There are 2 protein chains.
Amino acid sequence: MAAKPPKPKPKAAPAREHYHHGELRRALIDAALELIGSGGPEAFTLREAARRLGVNHRAAYRHFADKETLLAAVAEQGFWALLGAAREAVGALPEATPEARLLAIGRAYVRFCAMNPAHFRVMFGARLNEGGRFPALEVPIAEAFEVLQREVASGVEAGALAAGTGPRMAALSLWSAMHGLATLIVTRRIAVRKERLASTVDTLLEPTVRGLVAKR
Amino acid sequence: MAAKPPKPKPKAAPAREHYHHGELRRALIDAALELIGSGGPEAFTLREAARRLGVNHRAAYRHFADKETLLAAVAEQGFWALLGAAREAVGALPEATPEARLLAIGRAYVRFCAMNPAHFRVMFGARLNEGGRFPALEVPIAEAFEVLQREVASGVEAGALAAGTGPRMAALSLWSAMHGLATLIVTRRIAVRKERLASTVDTLLEPTVRGLVAKR
DNA sequence: ACCTGAACACCGTTCAAGT
DNA sequence: ACCTGAACACCGTTCAAGT
């Protein structure tokens, strides 16, 4: 039996032989989410992600201009998913009261954030489009806000919501409440067991929804 | 005239000759806030802060065990200031309705965050006490929540607030709304001009407060 | 044309030597 | 006892050489 030649360089992972088009891109995104999920945003480094996938750290640059661009891809993916969750929530309640529909959006929003904390931190952590570098990020955010605002507006039309200071301000109120609750849950300042998530969210968002509904 | 001896090493700053007890500590905290304020959390490095103050980067370790400890000091300072702002807000309205007092706390909270974005990011960014390393951070947070909860409880006692699911849940509702609004303003997802800050905050928090007050 | 290792300019933190 | 520079093990990113 011939002796095996010694490996010249021990690699962290067995190193998949090849990533075909787009596979490495997706694998890098997943690795980023995994690292952020277990060790926070600063645990994600391009080098560590590449190491885990058994590729040279330079390989990432074939798919992303730089680290920030990879994070923007994570964020964009997350925003579309969040939008989808919100749309699904209202779509499932075609005949419900405005109150119930608004609450359902809030529940979907907080639920998505609580279940995808790594996505959440990338989406709402550093302001990736601050310099206008990733305008694509604004599209799903704007659409999600549209969903909320349209819901408020149609509630006002139906006479179920107080007109107050207009649908935009009302939508911002609810967004604040939803977003604050999501933030406090993800950062563990409010502890919620998974099984009780939906009911806790309902309890905590109800005052805001009720305040929007109440005519003074 | 004798020629000046050439400086052996050009320093970034004129380098204050001496920082007496505690001064460097405070200067480092201020430098951290300045760097975070202008370039975000990742712009703060111990080396850059030391460079700005004209001291060796090792000097920081005389006052802080590591970078995280310095950030914890920033956060703690911020939490006490936030607590002070909340207390001042309710203290100024001894005879007001519970509704007005709750709104005043919210206004103070959001105003503090909006005016101190660097503090805000350190306080509510990375969870510094995750591993129980900085338990001192919990003290002012817990006290601030106490202020809120006590206010709700006394409103219920006075019959002005619906008992609902208890003062703790009501306080959490309001905290969510306050915190979400503060977050959205600091991250510039809601744009507010400084002069209109107080009135915008009032408009956006009112539905939640009203919902807590409304008896169904 | 594609991939990769060395190199560069940064970090936070540790060590060991200066006074 | 105190301060500091070199050193270490990391980064993200650039360069230039390999195939």
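Just so we're clear, the structure is a prediction, and the values are computed from it rather than from any experiment. Values below: all heavy atoms of this structure, side chains included; hydrogens, waters and symmetry mates excluded.
Ring planes of A:H179 and A:Y109: perpendicular class, angle over 60° (limits at 30 and 60°). Ring geometry for A:F124 versus A:F79: interplanar angle over 60°, hence perpendicular rather than tilted (30 to 60°).
Look at CG on B:D66: it is 17 Å from P on C:dC11, rounded to the nearest Å. Nucleotide D:dC3 holds its P atom 15 Å from the NE2 atom of B:H57, rounded to whole Å. The distance between atom CD of A:E48 and atom P of D:dG12, rounded to the nearest whole Å, is 10 Å. Atom pair A:R62:CZ and D:dT14:P shows a separation of 15 Å (rounding to whole Å applied). Distance, B:N56 CG to D:dC2 C1': 12 Å, rounded to whole Å. Atom NE2 of B:H63 is separated from atom P of D:dC2 by 11 Å (rounded to the nearest Å). Spacing between atom CD of A:E68 and atom P of D:dC11 amounts to 19 Å, rounded to whole angstrom units.
Across C:dC11, D:dG12, C:dT4, the shortest atom-to-atom separation from the side chain of B:R47 is found for C:dC11. Side-chain proximity of B:R58 to the nucleotides C:dC11, D:dT13, C:dC15 is greatest for C:dC15. The side chain of A:K67 lies closest to D:dG12 when the candidates are C:dC3, D:dT14, D:dG12. For A:R51, whose side chain is taken as the heavy atoms from C-beta onward, the closest listed nucleotide among D:dT13, C:dT13, D:dC11 is D:dC11. Between C:dA7, C:dT13, D:dT14, one nucleotide has an atom nearer to the side chain of A:Y61 than all others, and that is D:dT14.
Base-pair partner of D:dA17: not found among the strands shown (Watson-Crick or G-U wobble, both distances under 3.5 Å). In this structure, C:dC10 forms no base pair with any nucleotide, since neither Watson-Crick nor G-U wobble geometry is met with both distances under 3.5 Å.
Without hydrogens or angle criteria, B:N129 side chain to B:F134 main chain gives a donor-acceptor distance under 3.5 Å.
Judged by a 6.0 Å distance limit and a 45° cone about the ring axis, B:K67 is positioned over the six-membered ring of B:F44.
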task = Under the side chain to side chain donor-acceptor pair (under 3.5 Å) rule, what do A:R133 and A:T69 come out as? Steps first, then yes or no, please.
result = CA-CA 9 Å; A:R133 208 184 154 199; A:T69 305; 3.3 Å; yes

